[in-house]
Visitor: 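Right, I'll just put the structure down here and ask away after.
To find a chain, count down the sequence lines: A is the first, B the second, and so on, and within it residues start at 1. Quick note: numbers below take in every heavy atom, side chains included, and nothing from hydrogens, waters or symmetry partners.
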Amino acid sequence: MTDRLTIATWNINSVRLRLPIVEKLLLDHAPDILCLQETKCPNGNFPLGPLRKLGYEHIAVHGQKGYHGVATLSRRPFLSEERIDYCGKGDSRHLTVEVDVAGSRVAVQNFYVPAGGDEPDPEVNDKFAHKLAFLDEMGDRFASLTTPTVVVGDLNVAPYEHDVWSHKKLLKVVSHTPVECDRLEAVRAAGGLVDVMRRFVPMEDKLYTWWSYRAKDWSAADKGRRLDHVWTTPDLAGQATRMEVLRAARGWEKPSDHAPVIARFEA
DNA sequence: ATGGTCGCTAAGCGA
């Protein structure tokens, strides 16, 4: 059986405020699955109706009031849903669904990793300590992955030199410190996962998914970072046929500070 | 070196 699955991931920074551009992404790009992060929306207030109307009948939500929150929208039914409370803090930062792809179960894990605050020292900054602990727990859990899996989301780390606009200037900036970059590599390696985005973009080319709101002209300055990722188990990595960072969406009306990433798999 | 902008939810926190 042949099959094609397109997965998009997007840190939306309030799904209610940005419903119009979520709808635009779905209409223009028609992914089979869209994983959202930072929905900032309690489950009861999630805009299910308008999204179902666009053909995304299957919507798994894991939100909370004010902060964080993830959701996964799908044209295909879910075979299972799982929400894991990383670090036992009650944060809504993880959601796994399983869907059928060409007659096999594929797990899609949607993550919003803690940003980690400003000071990259776990001794003085609890938020940074939390980020490192969260990554460690991801690695521990990935070590026992069994089903074919796609991991997507805002991992809040730009691990490689050309994942940031200036490697030297960002070495002490949270998101690109060596301790985080090494930790993220360890997480990926623990699951034997493949960095799908970098299979399409050479390591020596710049690759960003996030541009700060604070820049006067984000596109001209282009001081980006690759905080969002698509990883898969090796079986699926060989089926990846396309990957795109939708940079244009950073310039849409009332934009998120993140751009969507879209990947296609053909089985 | 500093401050710059957002989105909650109701002054400050988190990013």
Visitor: When the P atoms of dT2(B) and dC6(B) are considered, how many whole Å apart are they?
Guide: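 To the nearest whole Å, 23 Å.
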
Visitor: Using atom CG of Asn13(A) as one end and atom P of dC8(B) as the other, report the distance to the nearest whole Å.
Guide: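 Roughly 7 Å, once rounded to whole Å.
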
Visitor: Where the side chain of Asp163(A) meets the backbone of Tyr160(A), is there a donor-acceptor pair that is under 3.5 Å apart?
Guide: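 At least one qualifying donor-acceptor pair exists.
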
Visitor: Hey, does the side chain of Ser14(A) come within less than 4.0 Å of dC8(B)'s phosphate (OP1/OP2), counting only N and O?
Guide: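 Result: yes.
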
Visitor: Thinking salt bridges, do Asp126(A) and Lys131(A) make one under a 4.0 Å N-O criterion?
Guide: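 No.
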
Visitor: Taking the C1' atom of each, how far is dA10(B) from dG14(B), in whole Å?
Guide: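 It works out to 15 Å between them.
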
Visitor: Atom CG of Leu227(A) to atom P of dG14(B): distance rounded to whole Å?
Guide: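 Atom-to-atom, Leu227(A) to dG14(B), this comes out as 19 Å.
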
Visitor: Taking the P atom in each of dA1(B) and dG12(B), what is the distance between them to the nearest angstrom?
Guide: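 Roughly 29 Å separates the two P atoms.
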
Visitor: Grab the NZ-P distance between Lys65(A) and dG12(B) for me, whole Å please.
Guide: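 The distance from NZ of Lys65(A) to P of dG12(B) comes to 17 Å, rounded to the nearest Å.
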
Visitor: If you measure from the C1' atom in dA15(B) to the same atom in dG3(B), how many Å do you get, rounded?
Guide: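 Straight-line distance between the two C1' atoms is 15 Å.
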
Visitor: Which word best sums up how the rings of Phe111(A) and Tyr86(A) line up, parallel for under 30°, tilted for 30 to 60°, or perpendicular for over 60°?
Guide: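 Correct class here is perpendicular.
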
Visitor: May I have the distance from Leu17(A) (atom CG) to dT5(B) (atom P), rounded to whole angstrom?
Guide: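 Nearest whole value for this atom pair: 18 Å.
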
Visitor: So which one's nearest nucleotide on DNA chain B is more toward 5', Ser212(A) or Asp154(A)?
Guide: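 So the residue in question is Ser212(A).
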
Visitor: Using whole Å, report how far CZ of Arg18(A) lies from C1' of dC6(B).
Guide: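 So the CZ-C1' distance, Arg18(A) to dC6(B), works out to 8 Å.
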
Visitor: Using whole Å, report how far CG of Asp217(A) lies from P of dT5(B).
Guide: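 The answer, rounded to whole Å, is 14 Å.
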
Visitor: Grab the NE2-P distance between His68(A) and dG7(B) for me, whole Å please.
Guide: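 Whole-Å distance recorded here is 17 Å.
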
Visitor: Among Val179(A), Leu155(A), Asn156(A), which residue meets the side-chain contact (heavy atoms from CB on, under 4.5 Å) test with Leu184(A)?
Guide: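 That would be Leu155(A).
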
Visitor: Find the distance Arg16(A):CZ to dC8(B):P and express it as a whole number of Å.
Guide: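 After rounding, the gap between these two atoms is 7 Å.
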
